[in-house]
Amino acid sequence: MHSLSRDGEKGATVSCPTPRMAAKGETMAVKKDKKARRLARKRKEQRRTPSSGQQILLNRVRASQHFHNTQVMVNPAGTEKMSEVILRFAAPFKDHDGLVPRAMLEIAIILWNASFMPSDMQRKAVEDIVNVLPSDNTEARRAMFLTAHMLLERKKQYFSHNKRMIMDYHITESAHSIHVDVVSTVPEGYTPAL
């Protein structure tokens, strides 16, 4: 800041902050620092927080070349949630905690979709599932064969009305829960309410 001295020369005046002003300035700087640190922590937590299974699926659909012209509807009104249907379909495999293990959910989804195929392709799907197990473990292979056929029969018996295929899925596990999100076809003849 410029000022004129008594003899007309220009000079600079320096204002000295009073102790009270200095303290107020330091307090404001500390508050700004705290706010900046708090915002940085919040951003870091948001980056660490995993996306929901539904969001992961939506991102995969958007990125997929197979679905580039597909309209995605989240929980279409008047339709059954396919994630709940799959959990009911796989219910015979609940463990002592009442949860269906991830591997059994995946097998249930594969066989759900296989149920829409001709019988020779269904047999091939069952073979593929059984062949994942070691060839020398005949007991496990036989159990898987029976399990696969039981699921195909269960689909016919209890879920024959449901013709929706599972296009993609995401399973989220925690210590005491398992959650499945799915992308499926809409029911035949479905028209969204306008």
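All values below were derived from every heavy atom in this structure, side-chain atoms included, with hydrogens, water molecules and symmetry-related copies excluded.
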Do [X] and [Y] land in one hydrophobic cluster if side-chain heavy atoms of ILVMFWY residues count as linked below 4.5 Å?
| X | Y | answer |
| --- | --- | --- |
| Ile110 | Tyr158 | yes |
| Met150 | Phe145 | yes |
| Phe116 | Met82 | yes |

Which heavy atom of [X] sits nearest to which heavy atom of [Y], and what is that distance?
| X | Y | answer |
| --- | --- | --- |
| Glu173 | Ile178 | CG-CD1, 3.7 Å |
| Pro101 | Phe93 | CD-O, 3.2 Å |
| Leu133 | Arg141 | O-NH1, 2.9 Å |
| Leu105 | Ala90 | CD2-CB, 4.1 Å |

Practice problem: Show your working on side-chain contact (heavy atoms from CB on, under 4.5 Å) between Val186 and Thr79 and close with a plain yes or no. | Solution: CA-CA 8 Å; Val186 293; Thr79 64; 5.9 Å; no
Quiz item: About how many Å separate CG of Leu99 and CG of Leu87, when rounded to the nearest 0.5 Å?
Solution: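 Nearest 0.5 Å value for the CG-CG distance: 9.5 Å.
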Quiz item: Once you round to the nearest 0.5 Å, how far does CG of Leu111 lie from CG of Leu152?
Solution: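 One gets 5.0 Å once the value is rounded to the nearest 0.5 Å.
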Exercise. For salt bridge (Lys or Arg N to Asp or Glu O under 4.0 Å), just list the numbers for Lys124 and Asp128, CA-CA rounded to whole Å, side-chain angles, deciding distance to a tenth of an Å, and then say yes or no.
Key: CA-CA 6 Å; Lys124 174 75 170 101; Asp128 290 347; 2.7 Å; yes
Can any side-chain N or O of [X] pair as donor or acceptor with the backbone N or O of [Y] at less than 3.5 Å?
| X | Y | answer |
| --- | --- | --- |
| Trp112 | Arg164 | yes |
| Arg154 | Pro92 | no |
| Gln122 | Ser115 | yes |
| Lys155 | Asn162 | yes |

Practice problem: Report the C-alpha separation of Glu106 and Arg102 in whole Å, then their side-chain angles, then the decisive distance to 0.1 Å, and conclude whether the salt bridge (Lys or Arg N to Asp or Glu O under 4.0 Å) test is met. | Solution: CA-CA 6 Å; Glu106 290 174 341; Arg102 178 188 194 101; 3.4 Å; yes
Quiz item: Mind checking whether Met144 and Ile129 have side chains closer than 4.5 Å, heavy atoms only?
Solution: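 Yes, side chains in contact.
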